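This is a predicted model, so every value here is computed, not measured. Along the sequence shown, residues are numbered consecutively beginning with 1.
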Amino acid sequence: MAAATNSILLKLKPNIKTKICNPLFGFARSSSSASPSIPHLFSATALPYADADSDCSSEIKATADANPNLIHPSADVHPNAVIGHGVSVGPFCTIGSSVKLGNGCRLYPGSHVFGDTEIGDHCLLMPGAVVGDHLPGRTVLGCNNVIGHHAVIGVKCQDLKYKPGDECFLHIGDNNEIREHTSIHRSSKSSDKTVIGDNNLIMGSCHIAHDCNIGNNNIFANNTLLAGHAVVEDYTHTAGAIVVHQFCHIGSFSFVGGGSVVSQDVPKYTMVVGERAELRGLNLEGLRRNGFTATEIKSLRTAYRNIFMPVDSNSTSFEERITKVEEDKELGKIPAVCSMIQSLRDSFAQNRRGICKFRYFSGS
């Protein structure tokens, strides 16, 4: 069968006679231009397939070293696509006409890149992954990203307000691991964009909707679902099966417990949990793991108790308790405390949803 395939290919491309030893991909990209009579399937100008047990001569090795791109014969690579060096494209992949692939990218079998999409160096697309869509606008991925099995990245949003023909955008930074069956959508309008920063771990079956803004170094456990326009800052951690309402803000270094429904903002450094998420204290373990000093943690605990756990909640208002912490001679000088106070005030700004509910305690 392999011999018959080689014979057909050599008839199609009589000017190519070298083979490479790569049983996974089988084809190496050549500098020769494709013949106009050759079907689109072979427009990537590939070399004939080599059996796994074939011998590689010095001539073949020299060719592979000079032009190391490996493109399988069944891959559909548009001739206008821009392909970097050292790229591997497996069987039954698709690369569209406006796609740009950086150096060292690897596309496993059955992965696809469509539309005006730019993928940075050393990205990995696992089988079934889909990146980009034939829509106005653009999808951009940075370097060293992993797109998991059957993940769908940069496709049309699920917002009925989106008007066909409008530009929509998705920008993803560097060093993100996006696991299997995750979906990340483009923005719903040309004046906005969906943004994901760097060094995030997004586990299986998560969803990040249109116009979300995700920071850096976050961990989203399985089935974390973010509705449109949600904002997640840095170093947050969600447990599994949580839902975040549209326009909610999740503050830095916070933790969202498993099964929670977040319908209001989560302040910085805090922990929330519940069917309607409620504040349950500080994310102490997260603070320790991220290098907060004992003095900072002690100050944050004192500030939290003064604001959310007053002895008599009827004696002072929430605003008065915040102001008292701000004016405290010691607490007011701690940057972490000031940052938490600002996070609280921002949540009550115009068009914001306020913070998650909290319980009053009459004890210590």
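To the nearest 0.5 Å, the span separating CE on Met203 from CD1 on Ile178 amounts to 13.5 Å. Atom CZ in Arg276 sits 11.0 Å away from atom OG in Ser260 (nearest 0.5 Å).
In this structure, the side-chain contact (heavy atoms from CB on, under 4.5 Å) partners of Tyr235, at least two apart in sequence or on a different chain, are Asn217, Phe253, Asn290. Residues passing the side chain to side chain donor-acceptor pair (under 3.5 Å) test with Arg289 are Glu285, sequence neighbours excluded. Considering only residues two or more places apart in sequence or on other chains, Ser191 meets the side-chain contact (heavy atoms from CB on, under 4.5 Å) condition with Lys189.
Evaluation of the salt bridge (charged side-chain N to carboxylate O under 4.0 Å, His left out) test over residues 117-126, restricted to residues two or more places apart or in two chains, returns Glu118-Arg138. Within the structure, every pair that satisfies the salt bridge (charged side-chain N to carboxylate O under 4.0 Å, His left out) test and touches residues 332-346, not counting sequence neighbours, is listed here: Glu319-Arg345, Glu326-Arg345. Applying the side chain to side chain donor-acceptor pair (under 3.5 Å) definition to pairs two or more places apart or across chains, those involving residues 140-150 are Asn144-Asn175, Asn145-Asn176.
The closest side-chain donor-acceptor pair between Ser188 and Asp211 falls under 3.5 angstrom. With 3.5 Å as the limit, one finds no donor-acceptor pair spanning the side chains of Ser190 and Glu167. Between the side chains of His181 and Ser205, not a single donor N or O lies within less than 3.5 Å of an accepting N or O. With hydrogens and angles left out, the side-chain atoms of Thr236 and Asn218 include a donor and acceptor closer than 3.5 Å. Between His245 and Ser263, the side chains place no donor N or O within less than 3.5 Å of an acceptor N or O (distance only, hydrogens not considered).
Between Tyr304 and Thr270 the shortest heavy-atom distance is CE1-CG2, 4.2 Å. Pairing each heavy atom of Pro136 with each of Gly165, the nearest pair is CG-O, 3.4 Å. The shortest heavy-atom contact between His72 and Gly90 is CB-C, 3.7 Å. The two residues Ala239 and Ala221 have their closest heavy-atom pair at C-CB, 3.5 Å.
A donor-acceptor contact shorter than 3.5 Å is absent between the side chain of Asn222 and the backbone of Ala241. Between the side chain of Asp265 and the main chain of Pro267, no donor-acceptor pair closer than 3.5 Å is present.
Ring orientation note: the planes of Phe247 and His229 are close to parallel, at an angle under 30° on the 30°/60° scale.
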